Visitor: 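One structure is given below, represented as structure tokens, and several questions about it will come after.
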Amino acid sequence: MKKTKRSIPVEFILMILSLALFGAFVLFVRHYYARILDAAENDSTAPYHTYSRQYEMIADSRSNTFWQAVYDRASLEAAESDAYLSLNQTGWNTDFDKLDYIDMFIAARADGIILEYNGEEGLAEKIDEAVEQGIPVVTIINDPNRTRRQSFVGVNDYQLGNAYGAEVARLADENTHNILVLSNREKELEKNQMYAQIYKAVTDAHPGQNIRVKEQNLNSRGQFDVEEAVRNIFQSAEGMPEILVCLDEVTTECAYQAMVDFNMVGEVRIIGFYTSDTILDAVQKGLIPVTIYMDADQIGTYCIEALTEYAETGRTNTYYTVDLHAMTTEDLQTAEEEELSGEVQDE
Amino acid sequence: MSKKRQGLHWQDIPLTTKVLLMVTLVTLLMFFANLILYLQVNRLTERLQQVYTSNISLTELSETLDDVHTNTYNYLLVKSSDTLESYYKSEEDYRSLLSGLNDTVTDNPVMLLEKNIRRMSESYLKETENAITYKRGRNVEKYRQSFSNAGRLYEYLNTWIDELNNRQFRNNSDSFVSLQRAVRPMAAVSTALIMVMMGVNTLMLYFMLRGIVRPLSDLATTARIVGEGNFHVKMPPTDSRDEVGVVTRTFNTMVSSLEDYMRLSRENLEKEQQMKERQLMMEASLKEAQLKYLQSQINPHFLFNSLNAGAQLAMMEDAEQTSIFVQRMADFFRYNVKKGTEDATLQEEVEAVENYIYILNVRFAGDIHFYKEIDESVLSCRVPSMILQPVVENAVTHGIRNIEWEGRIDLTVAGEDGMIRISVKDNGKGIAPEKIREILSGEDGRNEEVMPSQDSTGIGLRNVIRRLELYYEKTGLMEILSGGENQGTEVIIRIPWNT
């Protein structure tokens, strides 16, 4: 009987063990299945956040990283004002052009459109149509003057001419005779003022010197046109200009690549646009002496500011000016040194 | 026992309930484990199914959109009530499908696409509606324009639905792969866990049942030992109120009762044995006494009859003294013959003594002075027969016979403290203390010595003592006092005074 007395706790230990096992089993099953279901989660089942407004940003895919930077900033700002911003880019992966996109978002009744205006035919009318349908439009980079767009965010030709002019003047020397400005735009957007400013700046800096400022509009519509056009320039019989001014990111990268490929480093000086990784790398190595860039954060912020203000008050600034900066090899080296010394101090 | 602490008295639950509880517990545990597993697998299966339903519904949406567009076109082509009806039907279908799509702005690309499709579809339906209306109003320019607009939106819609479908498909494929990958180890681990649980539950059941059965087998073992005659083993006391507890307590009570009963039986047997023995001894002593009488039977019987005749003769001859003498002798012998086998009253005993003394005095010319002091109240008391006369005879034979001085015998019978004290005192030769001890302990051969004597009735002191002891079932009833040589002797008999 004593044995029995000892054996009774055994059954209760086993009972507790059994219950514990059961609990462990339940926990395991629940946890495991939750994990499986989590793993199986996708866009359609993932948790999401809802917003009260939907903004659409329409841009070219030509300046991928630049637009991505603008979009990143703008979507953060949008989220803060309870709106969701999508980025729609024309390019290789879609048959739609900007007209199509505007049509679509008019039909889908978006709450605001941010448009990189490029002077495309019919785009100005589409902007007006959207505005008529009650969808505010903010244009960026280029300003369609004769439209009813709510606001413009970007730089004007004067600013641009000043910035480029200053850099051209700085880079030009006594051997500089030809300056080629490579633009990539619709015919409508003539930038004569800008060329005039570049010309004025460079001739002011080098008076009496025979300097010609030429403009070539690549006006590319196809996918690889820019690359081919730039290479053609490098192979042209006329010979290369001493200074090549690029007004967008893709042109800059193509020109840089062509310069390296044709072994013309030092013979051609490129003034780039924007600060993609490739361009920054080239600037740091001194292969591109300077690059001009717009403040992408400012663009993103102002776009959303304009749309939010319009949504809330029914009116907004018609013009937001963003800052233009120039980044030179020296700037980058200084920054690097500062960073290094900062790290040393940290240590 | 550990359950006691919980307030629930496990040991008090009937066995059936106990076993039922255990089996139910085990069954429930297994049932719920399986249920949970089943539910989860079910959920997973649903999830797997859900992977493809979204694609299916999108295909349906796309097909219905096609219908709407075709029907619009057909109506514009041939304005008939049939085509109009078809249009309205497909439009209704399309609208009901649309209502399943998300309509809020979210950062979830799938949902946002759904919202765009929904909103654009509404715009599209407005255009088709316009086209139909203008067609009815025969406004050719306008219905063409509207249909053209609708066509544009139709293309956008198709593109978006395709994109959504692609997205869903991509997502769902990923989900499907990860689900599939997860299910296989899940099945293995679940099976293993369930098997471990089964094992533990079986063990638990085994130990619980053993806990119930063990007291029973202990009980069986103890019962076997008791069955072999050992009443000193018992089950340890238990206060459990289940069947085993009841059986255990009943068993212990039974063993105790058995033990008591056996002890009582043994005692009774011993008592009976003793009684039988005593009876046998009594009978043996009587037989001995009777034998002694029988040896001399011829003389007393003949004498007794002759004496009676002598007494009558003496009366006829007016020899009064002789007649009395003979009569007394006859009485004495009659008493001897009559009372030889039974008990008698003290009165009869005393009379026998008187007769004996009278006979002796006649024989020995009044040499014996006999005095008696009798408490009349005790005379009716029954005593073994022939106990006084042998004592008096002893006093005469060994006490006062052949003494130089006048012999005297005192008989005193008195009741005191529930006892009767009978004293026979002589002033004869006395007895040495060793002799007294020998007589009382039965070590002397006096009986045998006495036997051949011609004057003796044949019954010795030892015989008297033995018969007294057998009769009263007591020892020390006789006491012999003597002051030593020539100091006389007193024999005292103390017997219970039973009326």
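Remember, predicted model here, so these are calculated numbers, not experimental data. Naming: A, B, ... by sequence-line order, numbering from 1 per chain. Side chains included, hydrogens not; waters and symmetry mates left out as well; all remaining heavy atoms used.
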Visitor: Check the side chains of A:Gln54 and B:Asn116 for a donor-acceptor pair under 3.5 angstrom, ignoring hydrogens and angles.
Guide: yes

Visitor: Measuring heavy-atom distances to chain A, does B:Leu25 have an atom under 4.5 Å in its side chain, in its backbone, in both, or in neither?
Guide: side chain

Visitor: Is it the backbone or the side chain of A:Arg30 that comes under 4.5 Å from a heavy atom of chain B, or both, or neither?
Guide: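 Looking at A:Arg30, backbone and side chain both touch chain B.
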
Visitor: Relative to the ring of A:Tyr302, is the ring of A:Tyr320 parallel (under 30°), tilted (30 to 60°) or perpendicular (over 60°)?
Guide: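 Plane angle under 30°, so parallel.
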
Visitor: With chain B, which of A:Phe96, A:Phe28, A:Phe25 has the greatest number of heavy-atom pairs at distances under 4.5 Å?
Guide: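 Top count of heavy-atom pairs under 4.5 Å with chain B: A:Phe25.
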
Visitor: According to side chain to side chain contact (heavy atoms under 4.5 Å, CB included), who are the partners of A:Ala110, at least two apart in sequence or on a separate chain?
Guide: A:Glu56, A:Phe105

Visitor: Given the side-chain rings of A:Tyr84 and A:His49, with only the six-membered ring counted for Trp, is the space between their centroids under 6.0 Å?
Guide: no

Visitor: Which atoms of B:Arg152 are under 4.5 Å from chain A, going by heavy atoms: the side chain, the backbone, both sets, or neither?
Guide: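 For B:Arg152, the side chain is the part near chain A, not the backbone.
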
Visitor: Measure centre to centre between the rings of B:Tyr94 and B:His69, then say whether the value is under 6.0 Å.
Guide: no

Visitor: For chain A, which candidate among B:Met120, B:Lys126, B:Glu163 shows the most heavy-atom pairs at distances under 4.5 Å?
Guide: B:Met120

Visitor: Indicate yes or no: does A:Asp82 engage A:Arg53 in a salt bridge with an N to O separation below 4.0 Å.
Guide: no

Visitor: Examine whether an atom of B:Leu29 lies under 4.5 Å from a heavy atom of chain A, and if so say whether it belongs to the side chain, the backbone or both; otherwise answer neither.
Guide: both

Visitor: Determine the interplanar angle of the A:Phe22 and B:Phe32 rings, folded into 0 to 90°, and report it as parallel if under 30°, tilted if 30 to 60°, perpendicular if over 60°.
Guide: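 Perpendicular.
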
Visitor: Using non-hydrogen atoms and a 4.5 Å limit, figure out which bit of B:Tyr124 sits close to chain A: side chain, backbone, both or neither.
Guide: neither

Visitor: Checking A:Ser75 against chain B: side chain, backbone, both or neither under 4.5 Å from a heavy atom?
Guide: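 For A:Ser75, neither part sits under 4.5 Å from chain B.
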
Visitor: Using a cut-off of under 4.5 Å for heavy-atom pairs, which of B:Ile36, B:Leu39, B:Val177 has the most such pairs with chain A?
Guide: B:Ile36

